[in-house]
Amino acid sequence: MIALHSHPSGRHFLQIPGPTNVPDRVLRAIDNATIDHRGPEFGVLGKSVLAGMKKVFKTEADVVIYPSSGTGAWEAALVNTLSPGDLVLMVETGHFATLWKKMAVKLGLRVEFLEGDWRHGIDAAQIHARLTADKAHEIKAVCAVHNETATGVTSNIAALRQAMDDSGHPALFMVDTISSLGSMDYRHDEWGVDVTVAGSQKGLMLPPGLSFNAISAKALAASGTAALRRSYWDWKEMLAINPSGYFPYTPATNLLYGLHEALEMLFAEGLDHVFARHRRYGEATREAARAWGLDILCKNPDEYSSVLTAVVMPDGHSADAFRKVVLRHFDMSLGQGLSKLSDKVFRIGHLGDMNDLTLCGTLAGVEMGLGIAGVPHRKGGAQAAMDHLAQSSMAALAQAA
Ligand SMILES: *Cc1c(COP(=O)(O)O)cnc(C)c1O
């Protein structure tokens, strides 16, 4: 076999829904000498990134930063707020919700896992009904994944909050925004979320290695009596020292340089513009899928993700074989189908450090790959996306004028 890309020219297209392409500015920021994490310079950096993350979470409450993958922040959310045997309500939106549930079980929690078909978000009415039925308030927390990265389906967090309020139930509300924060609108305070979980390598445009909790006053109060064992993840030591910009153990100094830079980029563009940009990429990608005649996994248009689109492979065709073709011929990585969806879907990541032409290149690569792999489809998806991008760009400029 000819190694087509043993020395590829140009950039690899990392179009998986995280880790995402890291902007040059962020890479350059990371490429600075590591400083004393107890020295005076560090305190300034620490304070700045903690304040910046509050803006991204849209919260006045506490935020902590861990040197870990997102999975660590999942664990932190649970072990800081709950006790062995506590009942937690979770919903099977897809692979990531299932992993979080498995973790909760391993930690000694009881989990009620509402079944899902991996094509819909969380039904707020179902949560309302379950909480209303729980007269004894046995359920201690409701956990939701905002953007299910395995499926490209979002859940309406504001509607879930409303359902919880309407039921008058006191459960904590925990939300995984690992693949949505910094790409889709999210409001920790306004939506009354108690613990928001996030990670560095998706919308925040950083390499993997940082994770976050935003913590409501109610969650903080719960941590005072929560009896699950915790040490590394304990909020207490973090929150005691964070106000001075320092950490209880060695932080990921160079990733924090990157975070500082990424936050500057997000704020310079403006979060609302960042969200609008991602919405356009979602729309354009779905236009492409429709033109190809391929099925979008997400069934409910109100729940489409701005961050990724999972496309269903026609019966009898392998999504993984197709992805291999795209990687070999065009040096582009697409997301694979996870667990139940293995080999059945491919996922187009359209988040993070991208512009219109990055998306055009991505969709052109998909379309050429479909042809080479012999996947039945109609041509013209990339063109349909280009039309959408051009039209919406003209409309936006006309509106600004
Ligand atoms: C990526 C992701 C995770 C897992 O994060 P890691 O950094 O791989 O530990 C969890 N939840 C969602 C929604 C994700 O997208």
Side-chain angles (χ1 to χ4, degrees), residues 17-19 53 56-57 59 61-84 86-114 116 121-122 139-151 153-155 157 160 171-182 186 188 191 193-204 206 208-216 219-220 222-223 226-236 238-239 252 255 307 338-339:
M53 284 309 298
V56 177
F57 280 113
T59 186
D62 290 311
V63 168
V64 297
I65 305 176
Y66 294 108
S68 86
S69 89
T71 301
W74 262 350
E75 182 160 340
L78 299 175
V79 297
N80 277 287
T81 55
L82 298 166
S83 297
D86 276 356
L87 182 62
V88 177
L89 185 61
M90 294 177 137
V91 187
E92 186 200 0
T93 47
H95 177 70
F96 289 99
T98 305
L99 288 180
W100 201 8
K101 173 238 170 190
K102 282 186 183 155
M103 171 189 276
V105 170
K106 276 194 211 165
L107 290 171
L109 298 165
R110 285 182 301 136
V111 181
E112 186 170 322
F113 200 43
L114 301 176
I122 300 172
I139 295 167
K140 298 301 176 208
V142 175
C143 297
V145 175
H146 181 209
N147 182 72
E148 181 45 86
T149 321
T151 62
V153 181
T154 60
S155 287
I157 302 303
L160 290 173
L172 293 166
F173 188 25
M174 308 206 207
V175 179
D176 169 348
T177 65
I178 295 177
S179 63
S180 53
L181 195 80
Y186 185 78
H188 177 86
W191 295 344
V193 179
D194 293 301
V195 188
T196 302
V197 174
S200 57
Q201 75 273 29
K202 295 173 188 181
L204 297 178
L206 292 165
L210 293 179
S211 72
F212 310 86
N213 278 172
I215 305 162
S216 76
L220 195 58
S223 74
L228 278 177
R229 290 294 177 95
R230 56 187 181 274
S231 169
Y232 187 77
W233 306 114
D234 205 332
W235 289 338
K236 206 169 163 185
M238 279 284 203
L239 294 175
L255 286 177
V307 157
L338 296 168
S339 52

Novice: Give the minimum heavy-atom separation between Ala144 and Phe173, together with the two atoms involved.
Specialist: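 Heavy atoms only, the tightest pair is CB-CE1, 4.2 Å.
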
Novice: Starting at CD1 of Ile122, measure out to OG1 of Thr154 and round the result to the nearest 0.5 Å.
Specialist: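 Going from CD1 on Ile122 over to OG1 on Thr154, the span is 10.0 Å.
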
Novice: For residues Asn213 and Ala73, report the shortest heavy-atom separation together with the two atoms involved.
Specialist: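 Taking every non-hydrogen atom into account, ND2-O, 3.1 Å.
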
Novice: Quick one: are Met103 and Leu78 in side-chain contact, heavy atoms under 4.5 Å?
Specialist: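 SC-SC contact between Met103 and Leu78 confirmed.
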
Novice: Under the side-chain hydrogen bond (donor to acceptor under 3.5 Å, both in side chains) rule, collect the residues that match up with Thr151, sequence neighbours excluded.
Specialist: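 Checked Thr151 against side-chain hydrogen bond (donor to acceptor under 3.5 Å, both in side chains); zero matches.
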
Novice: Once the angle between the rings of Phe96 and Trp74 is folded into 0 to 90°, is it parallel (under 30°), tilted (30 to 60°) or perpendicular (over 60°)?
Specialist: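 Rings of Phe96 and Trp74: tilted, 30 to 60°.
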
Novice: Determine the sole option in Thr59, Leu160, Val175 for which the side-chain contact (heavy atoms from CB on, under 4.5 Å) test with Val193 is passed.
Specialist: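 Of all the options given, the one that passes is Val175.
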
Novice: Between Leu82 and Lys140, which heavy-atom pair has the shortest distance, and what is it?
Specialist: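 So the minimum-distance heavy-atom pair works out to CD2-CB, 3.7 Å.
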
Novice: Please list all pairs meeting salt bridge (Lys or Arg N to Asp or Glu O under 4.0 Å) that have one or both residues in residues 90-106, counting only residues at least two apart or in different chains.
Specialist: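 Passing the test, one end in residues 90-106: Glu92-Lys340.
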
Novice: Between Ala222 and Thr81, what is the shortest heavy-atom contact and its length?
Specialist: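 That would be CB-O, 4.0 Å.
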
Novice: Once you round to the nearest 0.5 Å, how far does CD1 of Ile157 lie from CG of Asp176?
Specialist: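 Those atoms lie 9.5 Å apart.
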
Novice: As a quick check of understanding, evaluate side chain to side chain contact (heavy atoms under 4.5 Å, CB included) for Phe212 and Thr177, giving each step before the final call.
Specialist: CA-CA 10 Å; Phe212 310 86; Thr177 65; over 6 Å; no

Novice: Evaluate side chain to side chain contact (heavy atoms under 4.5 Å, CB included) for Leu228 paired with Asp86, printing each intermediate quantity in order.
Specialist: CA-CA 10 Å; Leu228 278 177; Asp86 276 356; over 6 Å; no

Novice: Could you measure the distance from the CG atom of Leu107 to the CZ atom of Arg229? Nearest 0.5 Å is fine.
Specialist: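 Separation between the atoms: 13.0 Å.
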
Novice: Go through Ser200 and Leu255 one step at a time and tell me if the side chain to side chain contact (heavy atoms under 4.5 Å, CB included) criterion holds.
Specialist: CA-CA 9 Å; Ser200 57; Leu255 286 177; 5.6 Å; no

Novice: Roughly how far, to the nearest 0.5 Å, is CG of Leu109 from CE of Met90?
Specialist: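 Here the rounded value is 8.0 Å.
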
Novice: Starting at CG of Leu114, measure out to CG of Leu89 and round the result to the nearest 0.5 Å.
Specialist: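 If I round to the nearest 0.5 Å, the distance is 4.5 Å.
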
Novice: Say you draw a straight line from OG1 of Thr93 to CD of Glu148; how long is it, rounded to the nearest 0.5 Å?
Specialist: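 Atom-to-atom, Thr93:OG1 and Glu148:CD are 4.0 Å apart.
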
Novice: Can you name the nearest heavy-atom pair linking His95 to Ser339, along with the distance?
Specialist: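 Minimum heavy-atom separation between His95 and Ser339: ND1-OG, 3.1 Å.
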
Novice: Students often mix this up, so state it plainly: with edges at 30° and 60°, are the rings of Tyr186 and His146 parallel, tilted or perpendicular?
Specialist: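 Tilted.
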
Novice: What donor-acceptor contacts under 3.5 angstrom involve side-chain atoms of residues 61-69, with partners at least two apart or in another chain?
Specialist:
from  : atom 1 : to     : atom 2 : distance (Å)
Tyr66 : OH     : Trp233 : O      : 2.7
Tyr66 : OH     : Trp235 : NE1    : 3.4
Ser68 : OG     : Ser211 : OG     : 2.8
Ser69 : OG     : Thr71  : N      : 3.3

Novice: Evaluate the side chain to side chain contact (heavy atoms under 4.5 Å, CB included) criterion for residues Val197 and Met174: first the C-alpha distance (whole Å), next the side-chain angles of each, then the deciding distance (0.1 Å), finally the verdict.
Specialist: CA-CA 8 Å; Val197 174; Met174 308 206 207; 5.9 Å; no

Novice: Using every non-hydrogen atom in the two residues, find where Trp100 and Cys143 come nearest and quote the distance to one decimal.
Specialist: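 So the minimum-distance heavy-atom pair works out to CZ3-CB, 3.7 Å.
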
